[in-house]
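Note sheet for the following structure.
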Amino acid sequence: DQQVKQNSPSLSVQEGRISILNCDYTNSMFDYFLWYKKYPAEGPTFLISISSIKDKNEDGRFTVFLNKSAKHLSLHIVPSQPGDSAVYFCAAINAGKSTFGDGTTLTVKP
Amino acid sequence: DAGVTQSPTHLIKTRGQHVTLRCSPISGHKSVSWYQQVLGQGPQFIFQYYEKEERGRGNFPDRFSARQFPNYSSELNVNALLLGDSALYLCASSSGELGTSRFYEQYFGPGTRLTVT
């Protein structure tokens, strides 16, 4: 039973527009959430995080939103750049254990 | 600064054999975690170590074990290899202290690709 789901395997966006990546979770005990970006042949890179006591965290072009009642997490990238093309994983933490989604491949077209 | 390093990069083993994978964290990072990633899926948590003590364990059989050394490097051992153990094994380190949010903000190595035949 997958506790963290990224329902869109892929997303294509035009350069300069907004990219919205989504993540749903089922375990209400998750207390910390993270987004990672992964390029081919490299390990994932930490991008941004949010605690369950907050509903928004912003870092430059990246903003993470948390809707606890809906058990939904999203990552907004504005404006999107071709270098943002990668696989994005969301992850959730509970009791010291990290649970990752299966990733969404973002393609930003010039 | 060097990132997380893992060795070897690729490994081929036969079913029933034993394997040891190695990881060196970023300098100053005291926490090391291990993940298994199969194609098309996200990383699956195996272990987390902090200051040489196990701090978290995922749902993996006892054939999987790990340890962290005084210099914070780590080894992942897998006994009695099965075909299903074929995967990319990722190591990640963290600079955060235990109990802080940064404890979970991890930096990953490129992984060791294990093939079991």
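Naming: A, B, ... by sequence-line order, numbering from 1 per chain.
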**OP:** Please step through salt bridge (Lys or Arg N to Asp or Glu O under 4.0 Å) for the pair A:K68 and A:D55, ending with a clear verdict.
**Re:** CA-CA 8 Å; A:K68 285 177 61 178; A:D55 55 18; over 6 Å; no
Original post:
Which residue pairs pass the disulfide (SG to SG under 2.5 Å) test with at least one member in residues 75-110 of chain A, sequence neighbours excluded?
Top reply: A:C23-A:C90
Original post:
Tell me, side chain or backbone of B:R113 under 4.5 Å from chain A's heavy atoms, or both, or neither?
Top reply: neither
Original post:
Using non-hydrogen atoms only, which part of A:S98 is less than 4.5 Å away from chain B: side chain, backbone, both, or neither?
Top reply: both
Original post:
Side chain, backbone, both or neither: which part of B:Q48 has a heavy atom under 4.5 Å from chain A?
Top reply: side chain
**OP:** Please lay out, stage by stage, how B:F60 and B:F45 fare under the test ring pair (Phe, Tyr, Trp, His ring centres under 6.0 Å).
**Re:** CA-CA 9 Å; B:F60 280 80; B:F45 174 70; 8.6 Å; no
Subject >> Pairing of A:E15 and A:R17 as salt bridge, 4.0 angstrom limit >> reply: no
Original post:
Ion pair present between B:R63 and B:D85, side-chain N to carboxylate O less than 4.0 angstrom?
Top reply: yes
Original post:
Is it the backbone or the side chain of B:F47 that comes under 4.5 Å from a heavy atom of chain A, or both, or neither?
Top reply: neither
Original post:
Which atoms of B:Q6 come close to chain A, meaning under 4.5 Å heavy atom to heavy atom: side chain ones, backbone ones, both, or neither?
Top reply: neither
